[in-house]
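The structure appears below as structure tokens.
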Protein chains: 2
Amino acid sequence: MTTPTGDQALIKRINTAIVLEFILRGAPLSRAQISEQSGLNKATVSSLVQDLIDGSLVKETGTGQSSGGRKPVMLEFIATSGYAIGIDLGVNYIRGALTDLRGGIVAERTSSLRHPEPEAAVEQLCNCIEALMAEAPASSYGIVGIGVGVPGLVDDNGTILFAPNLKWRDVPLLRLLTERFALPVTIDNEANMGALGEQKYGAGRSISNLVYASVGIGIGTGLILNKTLYKGTSGYSGEMGHLSIEAHGKSCTCGNRGCWEMYASEQALLEQASSLGFEDLESLLAAAAEGRQDVLALFSGIGEYLGVGIANIVNVFNPDAVIIGNRMSQARPWIEGIVRQTVTQRALGFHLRKVQILFAELGERSSMMGAAEMAIAGFFSRVKAT
Amino acid sequence: MTTPTGDQALIKRINTAIVLEFILRGAPLSRAQISEQSGLNKATVSSLVQDLIDGSLVKETGTGQSSGGRKPVMLEFIATSGYAIGIDLGVNYIRGALTDLRGGIVAERTSSLRHPEPEAAVEQLCNCIEALMAEAPASSYGIVGIGVGVPGLVDDNGTILFAPNLKWRDVPLLRLLTERFALPVTIDNEANMGALGEQKYGAGRSISNLVYASVGIGIGTGLILNKTLYKGTSGYSGEMGHLSIEAHGKSCTCGNRGCWEMYASEQALLEQASSLGFEDLESLLAAAAEGRQDVLALFSGIGEYLGVGIANIVNVFNPDAVIIGNRMSQARPWIEGIVRQTVTQRALGFHLRKVQILFAELGERSSMMGAAEMAIAGFFSRVKAT
DNA sequence: AAACTTAGTTTATTGGATAGACAAACTAAG
DNA sequence: CTTAGTTTGTCTATCCAATAAACTAAGTTT
């Protein structure tokens with residue numbers, strides 16, 4: 001019982017997953033096409049497709065073009081046979097979406113987080129979820145799951161061990177939400193969710209190895225290696241914000257010195273900007289847009305340090321892409337050049353050949369979409385197991 | 001044909017692998033035990049075991065103890081049904097071993113590399129391989145493959161793109177060896193091989209996530225994530241020697257500044273030691289053993305910088321273990337304390353809970369054993385595919 | 001010696017994939 | 001409009017691996 005053994009059910013799961021994957025990607029396509037492209041026998045495809053149709057996951061949508069024979073019956077995934085909820089719990093906001101099974105946003109809600117204490121915040125979170133659930137149209141599977149991205153360390157039991165900017169410690173969010181909604185819930189770090197969101201729906205679509213750097217108040221990173229989210233042993237890898245880039249630099253609250261996020265985060269930017277009379281990122285962005293030289297110099301400095309860290313990432317992971325996300329991605333016009341330049345200078349030549357430096361396509365929605373994707377992926381893995 | 005589909009052969013492969021895995025690990029055990037522990041039916045196990053026996057991979061070794069019934073027939077893996085060759089091609093030596101399929105060393109050869117030019121070195125390498133092959137006893141499968149670890153960047157075609165200390169560029173070693181020996185050959189970075197060697201036969205036995213830091217002239221790292229060697233997109237990840245730990249530190253030949261290996265490698269140690277009149281690591285180790293304070297201080301400095309880099313590794317990967325290997329591991333008595341102390345100070349508290357800092361158990365043989373393991377693993381994956 | 005235990009094999013059954021035959025539905029050429 | 005040829009999708013018989021259950025073999029315990 002220790003090892004998962006192979007039996008016929010496993011075969012069927014594998015092949016059903018393959019067929020579903022083809023229908024998900026290939027838009028409208030026929031049984032014949034699936035058979036040819038997948039290598040599965042026509043009869044096998046027919047049988048599996050029938051199961052998917054019976055399970056309300058796939059439907060026939062009329063006939064397609066013929067090239068001299070019987071017209072094919074086109075198949076399509078029924079994205080509205082279920083809905084997922086994705087939440088980005090930020091330091092001072094809650095952003096949530098109701099999506100269909102293809103990740104299309106059906107409803108969205110944003111509210112500012114007035115009381116960051118765990119109890120009040122969780123209550124507000126639950127209200128948001130309930131409001132979104134109420135907006136879901138009737139469907140075969142209903143709400144298939146809830147995903148939540150949080151700005152802190154999450155262990156493998158879904159407990160928030162430590163969220164410095166929220167000042168939370170040991171909040172068993174998974175348990176709280178599971179008890180309340182009796183639905184599958186996934187909790188993970190905001191950067192991991194962002195990485196997943198961009199990999200599935202954003203700048204990193206179908207890229208195998210990517211690193212998502214969430215540059216906000218602090219810096220977090222999400223690692224997608226071999227198409228899978230890599231989580232360390234305890235479930236919390238990717239704390240690259242606390243990668244030391246100046247061994248004898250500024251002391252960080254984490255105990256280390258010269259942490260990357262002390263030089264390249266929004267926090268670092270704001271500290272330098274205070275002497276110029278700025279208090280938030282938005283006003284700095286506006287000033288930069290007007291061409292203020294001193295502000296542009298600030299962004300340039302941040303960009304350079306971002307590049308230092310990204311060069312490290314490139315050298316360590318040799319990824320296909322590094323995606324810069326979260327709030328700092330808005331500064332793209334004023335940091336992109338210097339980031340690229342610094343990375344080119346510092347990363348190893350061989351690694352540079354293939355790596356792309358990208359900015360988050362989903363903008364502020366990366367993390368929320370990743371959370372929804374978690375719920376959707378969980379649903380699929382359960383369906384396929386049946 | 002694009003996707004690997006599921007069929008009955010796949011099931012059989014999976015289950016055969018499970019059975020073989022049990023026999024490999026569980027030393028002498030019976031069919032009944034395999035059935036019970038794996039969850040496979042007794043009949044299934046009997047049938048698969050018979051196939052393995054027919055394939056000369058397993059044999060029956062008499063009966064075991066009974067606890068009130070028929071005595072079990074014990075099974076054992078036949079490690080001598082084939083042999084593998086593992087080579088560690090160093091900067092100034094070639095170390096090679098002939099091992100059985102369990103990684104037991106049957107013969108070993110070390111020679112110093114007199115002429116590091118590619119042609120002469122490859123010739124010497126081939127001679128070493130031939131000599132080892134000649135020592136292999138007769139067996140069912142003969143030599144099942146050759147693995148070679150090299151001190152440089154290797155692409156996914158087995159070409160050595162760049163080996164700075166050997167001054168090699170674009171040497172198609174995989175092709176050269178395959179043509180000469182007509183055997184499966186695997187070429188990889190010395191640090192990747194070392195990681196594999198320690199994970200399979202050394203300090204990291206059966207650890208899922210580990211980082212192996214090969215600290216020699218330079219510093220390389222091998223990443224084992226989820227029990228698999230992680231290789232980046234182009235096949236060359238893990239260049240953590242060129243992780244910048246001092247953003248404005250010394251310029252490195254790689255183009256970056258403040259690279260880890262400029263502060264924590266053997267090279268860095270020797271540079272500092274030259275003013276004291278030392279020229280190699282061995283004499284420094286001897287002096288440290290005699291208690292020379294100035295030398296101990298040098299080691300202490302190296303240990304601290306090693307700790308800085310390892311703390312970074314821990315924060316990024318949240319691994320179960322970090323293993324310090326290659327030549328610097330000999331300095332364990334004089335660096336272990338300061339390394340541990342620095343890591344404890346600098347890594348995030350949550351990550352420290354589980355991580356172990358270890359030193360290579362296989363010493364100078366890590367890389368060579370990993371190379372042999374590559375060949376063995378390749379053989380198994382081929383056998384199981386039949 | 002009888003009753004019980006445990007190991008491993010044999011037998012019949014199940015369920016999924018497959019090749020090949022086939023029917024349905026179409027295009028195109030004469 | 002007929003006929004030949006093509007493509008789609010289903011049906012049927014077969015194969016094969018895993019399995020449960022019966023069975024044989026070979027012990028131990030009372």
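Just so we're on the same page: letters track the sequence lines, and every chain starts at 1. Because the structure is predicted, anything quoted here is derived from the model rather than measured.
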Could you give the CD-to-P distance, from A:Gln65 to C:dA25, as a whole number of Å?
18 Å
What's the CG-P distance between B:Leu29 and C:dT6, to the nearest Å?
17 Å
Sorted by chain and number, sequence neighbours left out, salt bridge (charged side-chain N to carboxylate O under 4.0 Å, His left out) with A:Glu76 holds for none
With B:Arg102 via salt bridge (charged side-chain N to carboxylate O under 4.0 Å, His left out) - residues at least two apart:
none
So B:Ile87 and B:Ile129, do their side chains get closer than 4.5 Å, heavy atoms only?
yes
Which atoms form the tightest heavy-atom contact between A:Ser81 and A:Leu57, and what is the distance?
OG-CD2, 3.7 Å
Nucleotide by nucleotide, 5' to 3', does protein get under 4.0 Å of the base (B), only the sugar-phosphate (S), or neither (-) in nucleotides 8-20 of chain C, counting heavy atoms?
BBB----BBSBB-
Consider side chain to side chain contact (heavy atoms under 4.5 Å, CB included). Of A:Thr99, A:Ile105, A:Ile85, which one does A:Met368 pass it with?
A:Ile105
Could you work out, with ring-ring contact (aromatic ring centres under 6.0 Å, His included) as the rule, every residue matching A:Phe77, not counting sequence neighbours?
A:Phe380
May I ask you to check whether B:Tyr83 and B:Phe379 place their ring centres under 6.0 Å from each other?
no
Within the structure shown, what part of the strands sits under 4.0 Å from B:Ser67 by heavy-atom distance: base, sugar-phosphate, or nothing?
sugar-phosphate
Indicate every side-chain donor-acceptor pair of residues 39-47 of chain A with a distance under 3.5 Å to a residue at least two apart or in another chain.
unit_1  : atom_1 : unit_2  : atom_2 : d
A:Asn41 : OD1    : A:Ala43 : N      : 2.8

Which stems, defined as runs of 3 or more consecutive Watson-Crick or G-U wobble pairs with both pairing distances under 3.5 Å, involve DNA chain C?
C:1-30 with D:1-30
